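Notes for the one structure printed next.
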Amino acid sequence: MLKTHQCGQLSLQNVGEEVSLAGWVNRRRDHGGLIFIDLRDRSGIVQVTVEPEGSASQEEGAHEIASQARNEYVLQVNGVVRERPEGFENPNLTTGAIEVIARHVEILNPAKTPPFYISNGADDVDEALRLKYRYLDLRRTRMVQNLTLRHNIVRFIREYLSNRDFLEIETPILLKSTPEGARDFVVPSRLHEHEFYALPQSPQQLKQLLMVAGIERYFQIARCFRDEDLRADRQPEFTQLDLEMSFVDAQDIRALIEEMLIKLTQLVSPKPIQQTPFPVLSYAEAMDKYGVDRPDLRFGLPLFTLSEVVANSEFGVFRNAVAGGGQVKGILYPQGASLARRDIDEMTDFVKRFGAKGLAWIGVTAGPDGEGNYGPDALRSQISKFLAQDEINGIVQASGAQAGDLILIVADSPAVTAQSLGNLRLEIARRADLIDTSQLAFCWVTDFPLLEYNDDLKRWQAVHHPFTSARAEDWASLESAPGDVLAKAYDVVLNGWEIGGGSIRIHNSELQDRLFAVLGLNHDEVQAQFGHLLEAFQYGAPPHGGIALGIDRMVALYAEATSIRDVIAFPKTAAGTDLMVNAPSPVTTEQLDELHIALKQAKKAAK
RNA sequence: GGAGGCGUGGUGUAGCGGUUAGCAUAUCGGCCUGUCAAGCCGAAGGUCGCGGGUUCAAAUCCCGUCGUCUCCGCCA
């Protein structure tokens, strides 16, 4: 070993010891006589002090070598740990009470000047540059911390589940394409002309087959692949804690995961959990109150329904929305009644992104008059003149608005209303700074619909996936009222991010056949896609269910990163490219020939 | 597939129709024994992403294009 200690671990305990350190020059302060070098390794930073040339503390030449060192040079330093003289401690450094007086300094490797700052904590470097030089970006303290946190989280999960009799089992990466769900990444087969593997979107079918195999308790830290467009919280390849159990019901899995998340949080986060046991909301409740199926419970601002109040209003926008099967719902902007018109216009544009045609607003500037009415003097609104007095009173009452508050209203289809107000709720919280970031707000969302109607395909589709079981009492209405059937499915949500979801599966091939029939899949299609699974279920499949947690998102939340890219060592850009290795890239004609592949004219080249 | 933001010395940015393209920091040289965002003096460093257009004149306005970020669609 070139080193006896890690830089960041030295303390007053080590005073007097002769140590060998090796690491990178974080910063150098050359006073001509004295030279200070902040030496950095993964553990942290320690100050190396090189005394003037000829000092008894050092070998000949050490000062000269130290004066040649530059940022990011790789150094080995031998010297004695010394308590810093009084008044020269650095409280900003964990090792700030001591310093290492250099006896011998050696440059193990010089370094080019890095293309961006590594040593200053600022996070303001162009991300494309960080990604191109990711190996330098990862030297930064923040990134080392994120990778360490990720390791600790995964290690805890492995231990927790192993202690509960789970087996970690690997499943294939080269697998089979299924047209359902996300777009697959496909891999051409050399040995089988014109045939392809697909990378798994998740190990879903394999973990169910492991249950048929009698494994009973399985987990895997699994890489998953989906060829869909990216977002800040979505990468084409991502990591899930994939888990499946036999002989359980939804509550068992939820209890297991909830305990794991609570213990994990205690281990890796200084923040308290807002509420335990985790609140449980039905999907219907979540949509009604928050407009999303992954509510951020760190703040209030519930949506309220005004459909009944304005169903017969003179105001056509409201009346027609209700008459057409839509909804009129609102949200409160606390102390927003005096917002500039420009702010309101910005929020109107904001909800239009989600399909809303407009945003009605009523500023409540004063309390009601003696008869309980909110008259013109108490309101600031572009629509109040179209509304009857009792409608206005009803709206204010339903909103719970106090003087000074602003009521914002959307009238549209239930889907558009929910989406626009659900997102507006987050926007208001950001604008008014209402998000309590000192807590972690977990919750469960349950009782999802089993099926949703796809207007484009004119058929029913599985909301979760086609192996999800309906609630026992709902099987009877599968064919008669598919849209009303609720699933034994559950999502776990943290601070408004869906961090996981799962379900109890169908283990009975008769019920599975009925579901496929409702999904409009004919026998041949089912056999081609899922035949192996259905056949397996005929050999004594245990009742089973599971869950998958998004590791990248979890780590990002604990790390307070805004993008999962910051907790992935080598992530891809929003266009799915890797800027460091330059992927994807063309392959040679020889490679294509072996794969029996001919390329069509590229779209770009055709122009 | 669509919408929007950004692109100026290595890095971060100012400039938004006429500037010698400014500042900070990094880099290089000199001085310096207690700094920790060290300091002081000096130097070097720019095809203003790329292409076209408008104009007497473009970093600046317009169009296209490339890269990147965010969002919508998409993500069982």
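Side chains are part of it too, since the values below use all heavy atoms of this structure and drop only hydrogens, waters and symmetry mates. Keep in mind the model is a prediction, meaning the values are calculated, not measured. Throughout, protein chains are lettered first and strands after them, A, B, ... in sequence-line order, and every chain is numbered starting at 1.
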Give [X] one of three labels, base, sugar-phosphate or nothing, depending on what nucleic acid heavy atoms sit under 4.0 Å from its own.
| X | value |
| --- | --- |
| A:Gln461 | nothing |
| A:Pro466 | base |
| A:Thr577 | sugar-phosphate |
| A:Gln529 | nothing |
| A:Leu230 | nothing |
| A:Ser202 | base |

For [N] and [X] - does any side-chain N or O of the residue sit under 4.0 Å from the phosphate oxygens OP1/OP2?
| X | N | value |
| --- | --- | --- |
| A:Arg29 | B:rU35 | no |
| A:Arg234 | B:rU70 | no |
| A:Gln419 | B:rC71 | no |
| A:Arg130 | B:rU68 | no |
| A:Arg27 | B:rA38 | yes |
| A:Asn71 | B:rU27 | yes |
| A:Arg353 | B:rG4 | no |

Assign the ring pair A:Tyr133 / A:Tyr135 to parallel, tilted or perpendicular, where the plane angle (0 to 90°) is split at 30° and 60°.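 A:Tyr133 and A:Tyr135: perpendicular rings.
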
Who does B:rU68 pair with, Watson-Crick or G-U, both distances under 3.5 Å?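 Looking at the geometry, B:rU68 pairs with B:rG5.
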
Could you tell me how far apart A:Glu346 (CD) and B:rC71 (C1') are, to the nearest whole angstrom?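 The answer, rounded to whole Å, is 16 Å.
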
In whole angstroms, how far is the C1' atom of B:rU33 from the CD1 atom of A:Ile101?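 A:Ile101 atom CD1 is separated from B:rU33 atom C1' by 12 Å.
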
Using atom P of each nucleotide, how far apart are B:rC16 and B:rA21 to the nearest Å?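 Taking atom P in both B:rC16 and B:rA21, they lie 15 Å apart.
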
Would you say the side chains of [X] and [Y] form a donor-acceptor pair under 3.5 Å?
| X | Y | answer |
| --- | --- | --- |
| A:Arg29 | A:Gln47 | yes |
| A:Thr171 | A:Gln220 | yes |
| A:Tyr218 | A:Asp242 | yes |

Whether the side chain of [X] and the base of [N] hold a donor-acceptor pair under 3.5 Å is what I'd like checked.
| X | N | value |
| --- | --- | --- |
| A:Asp126 | B:rG7 | no |
| A:Glu51 | B:rU33 | no |
| A:Arg84 | B:rC36 | yes |
| A:Glu86 | B:rG34 | no |

Residue whose closest nucleotide on RNA chain B lies nearer the 5' end, A:Asp233 versus A:Phe88: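 Result of the comparison: A:Phe88.
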
By nearest atom, which of the nucleotides B:rG73, B:rC72, B:rU33 is closest to the A:Pro52 side chain?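 Of all the options, the side chain of A:Pro52 is nearest to B:rU33.
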
Cationic N near anionic O, under 4.0 Å, A:Asp491 to A:Arg254: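 Salt bridge absent between A:Asp491 and A:Arg254.
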
